[in-house]
Amino acid sequence: MAHLNLFNPENATGKHKRTFDQIDNAFGGVINMFKVIGNSSAALNSMWTSFGALSQGKLDGSLGEKIAVLVADINHCEYCLAAHTVLGQKAGATPEEMTQAQAGHSEDPKTLAALAFATKLVKNRGQVTQLDVQTVRNAGFSDEEIAEILAHVALNIFTNYTNVAFDVPLDFPAIKFAA
């Protein structure tokens, strides 16, 4: 059982309700992560608008989902690992690509560079070097895209911590951790 109550979206009003309605339209229902963080209208809006902003970015959805499963595995977030494995496949990644990404691997050198950079960001708590950034640039990423890699990592840390800290019940089939 979740450590925080699952907020009932039917009890929301105003902007809070509008955010839940957007989530419902996007997912065909409100998943438990949003019900838990939805105890705060401000926290819900922060999380939801971050997803929306990144969906408009330069990085394709498949890479964003690969970063998400990698970060979830590092942070041992069962909820995000399960959710983003499904979402990654919906974004066009194969099950094998998602499994590889979860472990920080890819057959595509550009994707591999993004995953290596994301790993350093998480494991080193943002402490990366100029060489780390240049390595991602050399793989073909623009400064705009490198900033988005960091934004994907940051959003996924937010969602990971939400689900781990509050023990959010799964809405998706469980996936085994790579590590």
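Small disclaimer: the values here were computed from a predicted structure and weren't measured. Position 1 is the first residue of the sequence; numbering continues from there.
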Item checked: Closest non-hydrogen atom pair, Pro169 against Asn32 -> O-ND2, 3.2 Å
Check: Atom CD of Glu148 and atom OG of Ser142: how far apart are they, to the nearest 0.5 Å?
Finding: 7.5 Å
Next item on the list: Using a 4.5 Å cut-off on heavy atoms from C-beta on, say whether the side chain of Leu4 contacts that of Asp167.
Entry: no
Checklist line | Interatomic distance, Gln100 atom CD to Leu112 atom CG [nearest 0.5 angstrom] | finding: 9.5 Å
Next item on the list: Give a yes or no on whether Lys110 atom NZ has more than 12 heavy-atom contacts from other residues, nucleotides or ligands under 6.0 Å away.
Entry: yes
Margin query: If we ignore hydrogens and angles and just use 3.5 Å, is the side chain of Asn8 paired with the main-chain N or O of Glu10 as donor and acceptor?
Written below: yes
Notebook entry, point to check: Taking all atoms of both residues into account, what is the closest heavy-atom pair of Glu65 and Ala91, and its distance?
Noted result: CG-CB, 4.5 Å
Check: Any chance the side chains of Thr129 and Asp132 put a donor and an acceptor closer than 3.5 Å?
Finding: yes
Check: CG/Asp143 to CZ/Arg137 distance, rounded to the nearest 0.5 angstrom?
Finding: 4.0 Å
Next item on the list: Indicate yes or no: at least one non-hydrogen side-chain atom of Met47 is less than 4.5 angstrom from one of Met33.
Entry: yes
Check: By the rule that ILVMFWY residues connect when side-chain heavy atoms come within less than 4.5 angstrom, directly or transitively, which residues belong alongside Val122?
Finding: Leu59, Leu63, Ile67, Leu70, Val71, Ile74, Leu115, Phe117, Leu121, Val128, Val133, Val136, Phe141, Ile146, Ile149, Leu150, Val153, Ile157, Tyr161
Note to self: How close do Phe177 and Cys77 get, counting heavy atoms only, and between which atoms?
What the structure shows: CE2-N, 3.7 Å
Margin query: What verdict does the side-chain contact (heavy atoms from CB on, under 4.5 Å) test give for Phe7 and Val36, after you've listed the backbone C-alpha separation in whole Å, the side-chain angles of each residue and the deciding distance to 0.1 Å?
Written below: CA-CA 6 Å; Phe7 185 88; Val36 167; over 6 Å; no
Next item on the list: Mind checking the NZ-CD spacing from Lys58 to Glu145? Nearest 0.5 Å is all I need.
Entry: 8.0 Å
Check: Minimum heavy-atom separation for Pro173 to Val86, with atom names?
Finding: CD-CG2, 4.4 Å
Next item on the list: Give, for atom CG of Leu87 and atom SG of Cys80, the distance between the pair rounded to the nearest 0.5 Å.
Entry: 10.0 Å
Note to self: Minimum heavy-atom separation for Leu170 and Ala82, please, with both atom names.
What the structure shows: CD2-CB, 4.3 Å
Checklist line | Criterion side chain to side chain donor-acceptor pair (under 3.5 Å) against Lys17, the qualifying member of Asp21, Thr19, Thr13 | finding: Asp21
Note to self: If you define the side chain from C-beta out and look only at heavy atoms, does anything of Gln89 sit under 4.5 Å from Thr94?
What the structure shows: no
Notebook entry, point to check: What's the spacing between Leu6 CG and Ile31 CD1 if we round to 0.5 Å?
Noted result: 11.5 Å
Next item on the list: Say whether, by atom type as modelled, one donor and one acceptor occur between the side chain of Asn160 and the main chain of Asn156 under 3.5 angstrom.
Entry: yes
Notebook entry, point to check: Are there more than 12 heavy atoms of other residues, nucleotides or ligands under 6.0 Å from atom NZ of Lys35?
Noted result: yes
Checklist line | Donor-acceptor pair between Asp171 and Tyr79 side chains, under 3.5 angstrom | finding: yes
Checklist line | Test item: Leu81 and Glu78 side chains (from C-beta on) under 4.5 Å apart, heavy atoms | finding: no
Item checked: Ring centres under 6.0 angstrom apart (Phe172, His84) -> no
Notebook entry, point to check: Side-chain heavy atoms under 4.5 angstrom apart, residues restricted to Ile, Leu, Val, Met, Phe, Trp, Tyr: same cluster for Leu54 and Ile37?
Noted result: yes
Notebook entry, point to check: Can you name the nearest heavy-atom pair linking Met98 to Ala93, along with the distance?
Noted result: SD-CB, 3.6 Å
Next item on the list: Check each of Phe158, Phe34, Phe20 against Trp48 using the ring pair (Phe, Tyr, Trp, His ring centres under 6.0 Å) test, and report the only one that passes.
Entry: Phe34
Item checked: Trace of the side-chain hydrogen bond (donor to acceptor under 3.5 Å, both in side chains) decision for Gln130 with Gln134 -> CA-CA 6 Å; Gln130 186 173 358; Gln134 189 60 48; 5.9 Å; no
Next item on the list: Evaluate the side-chain proximity of Asn45 to His16: yes if any heavy-atom separation is below 4.5 Å, no if none is.
Entry: no
